[in-house]
Participant: 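Quick one: the structure is below, questions incoming.
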Amino acid sequence: MATETKKRTSKDYIDLENKHGAHNYHPLPVVLERGEGVHVWDVEGKRYYDFLSAYSAVNQGHCHPRIVGTLKEQAETLTLTSRAFYNDVLGPYEKYMTEYFGFDKVLPMNTGAEAVETAIKICRKWGYEKKGVDENKGQIVVFDQNFHGRTTTIISFSSDPDAKKNFGPYTHGFIKVTYNDVDSLREVFADNDNIVGVLVEPIQGEAGVMVPNDNFMSEIARLCKENNALFMADEIQTGIARTGSLLAVCGDCTCSGHCEKQKTYVQPDLLILGKALSGGAYPVSAVLANDPVMEVITPGTHGSTFGGNPLGAKVALTALEVVRDEKLAQNARKLGEIFRKRMEKLLSKTDLVCLVRGKGLLNAVVVNDHPSSSTAWNICVKLSENGLLAKPTHGNIIRFAPPLVMTEEQLHECCDIIEKTILEYN
Ligand SMILES: *Cc1c(COP(=O)(O)O)cnc(C)c1O
């Protein structure tokens, strides 16, 4: 006998998560069930503009038909072989990836944190085997307020007490210096021959979209070269067109990977990618490097059961094709300029928000209140009621990062929502 099942409400789903899931996140009270392009819908059928894009993992938009098509097709063909055998997708993907980003080799992994761990391991091994640093003495320079993921090693050099406290003992071998401060970086290099690399986010996303000076990346690259250390760029959030170029280290170039001039491009020794590498359809991450660095990795030294699986590889290949074919870097650059102009205009009309910053479609608005106040959170709740989803980061900063497939008209509509919400807030 068929019993009529009552549809669960948002509250039901929130209660279920609270009761049965670990409380390692504090989500906005919105329960989503469907996504398409720049939109998501909640279980009550309300439509929202997504201005988080899963922390920039869905740059290509939700459920992009080409990416989903590839996912379905490959899922019905072959999903996982492990690397104990070759498969017919990984090689073509690696060729495409390395040509796309201009490196000799790629090492495929799954999540962002794993890719960062991979880069750290490669860097250290390179330090001992190529640079000649004494074993276990290698040091890696990182920056204050960094975010590189959640593993034990990575949180060992976090500045965030929540991320770090009571998870020790920590991994040694990291030196922290101030972000965007070339002089302190020069100083640590001056009296230390054991530095094997520098790990940096070209824009610090989680810290509140901190955009460094234009020359910061090139100065890091130069200091690394001078001191025989590896420049590691964590582009997990900034990469794949988010900031208006294929990579944030590309500076002003919008070539989307097929560039002749690359005059503003600073090539990292190790490039770390994740998030939008798969368009949000499947966890895929990667580390790219040239042979003199990547050759320190030999059979047995590193790996992952799912790393380089045919499903992830095929999805990532398609996700990169979409970025190039739909000119998402160019669109992010154009819309980013419009967004910041609109926000500047808003700033002049209210004291509630005091600053807008960012690059391409990775932007943040700073709320004029204490970092510990709940103002930014409350604004985000109001924004969601008005049909736009954004999340505060570091207390009083709201990040605005919609999918890059947004149209100019949609962006203006979103700016209207933000403006109305802020001006009506009290
Ligand atoms: C999200 C992020 C990571 C971690 O990626 P996960 O897939 O969550 O492990 C690392 N670095 C940066 C800059 C990120 O934004």
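Indexing begins at 1, ligand by ligand and atom by atom, following the structure's order.
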Participant: Got the closest protein heavy atom to atom 6 (P) of ligand 1, with its distance?
Facilitator: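 Here the closest protein heavy atom is G112 N, 3.5 Å.
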
Participant: For ligand 1, which atoms sit closer than 4.0 Å to a heavy atom of A113?
Facilitator: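 Per the distance check, 4 (C), 5 (O), 6 (P), 9 (O).
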
Participant: Supply the atom-to-atom distance R357 CZ to M343 CE, rounded to the nearest 0.5 angstrom.
Facilitator: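 Here the rounded value is 15.0 Å.
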
Participant: Could you measure the distance from the CZ atom of R8 to the CD1 atom of I14? Nearest 0.5 Å is fine.
Facilitator: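 R8 atom CZ to I14 atom CD1 measures 13.5 Å (nearest 0.5 Å).
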
Participant: Any heavy atom of F147 closer to ligand 1 than 4.0 angstrom?
Facilitator: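 Right, F147 reaches ligand 1.
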
Participant: Verify the neighbour count for atom CZ of F167: are there more than 12 heavy atoms of other residues, nucleotides or ligands below 6.0 Å?
Facilitator: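 At most 12 heavy atoms, drawn from other residues, nucleotides or ligands, come within 6.0 Å of this atom.
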
Participant: In ligand 1, which numbered atoms sit nearer than 4.0 Å to a non-hydrogen atom of D234?
Facilitator: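 Those qualifying, in numeric order: 10 (C), 11 (N), 12 (C), 13 (C).
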
Participant: Would V116 count as a polar contact of ligand 1, with the cut-off being nitrogen or oxygen pairs under 3.5 Å?
Facilitator: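 So ligand 1 has no N or O lying under 3.5 Å from an N or O of V116.
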
Participant: Just to be sure I'm reading this right: ignoring hydrogens, which of E114, E235, H148 gets closest to atom 10 (C) of ligand 1? Compare them by their nearest heavy atoms.
Facilitator: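 Result: the heavy atom closest to atom 10 (C) of ligand 1 is in H148.
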
Participant: Determine if the distance from atom 8 (O) of ligand 1 to the closest protein heavy atom is below 4.0 Å.
Facilitator: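 Answer no: nothing from the protein, no heavy atom, is under 4.0 Å.
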
Participant: Aromatic contact between F143 and F216, with the criterion being ring centroids under 6.0 Å apart: yes or no?
Facilitator: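 Yes, close enough.
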
Participant: For the backbone of M294 and the side chain of K105, can you confirm whether one donor and one acceptor N or O come within less than 3.5 Å of each other?
Facilitator: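 No, the answer is negative, given that no donor and acceptor are paired below the 3.5 Å cut-off.
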
Participant: Answer yes or no: does atom CD of E17 have more than 12 heavy-atom neighbours from other residues, nucleotides or ligands under 6.0 Å?
Facilitator: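 It does not: E17 CD has 12 such atoms or fewer within range.
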
Participant: Check this for me - ligand 1, E206, N or O atoms closer than 3.5 angstrom, yes or no?
Facilitator: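 Not met; the criterion fails.
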
Participant: Provide the closest heavy-atom pair for F103 versus P268 in the form atom of the first, atom of the second, distance.
Facilitator: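 Taking F103 first and P268 second, the nearest heavy atoms are CE2-O, 3.3 Å.
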
Participant: How close does the nearest protein non-hydrogen atom get to atom 15 (O) of ligand 1, and which residue and atom is it?
Facilitator: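 Going by distance alone, atom 15 (O) of ligand 1 is nearest to K275 NZ, 2.6 Å.
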
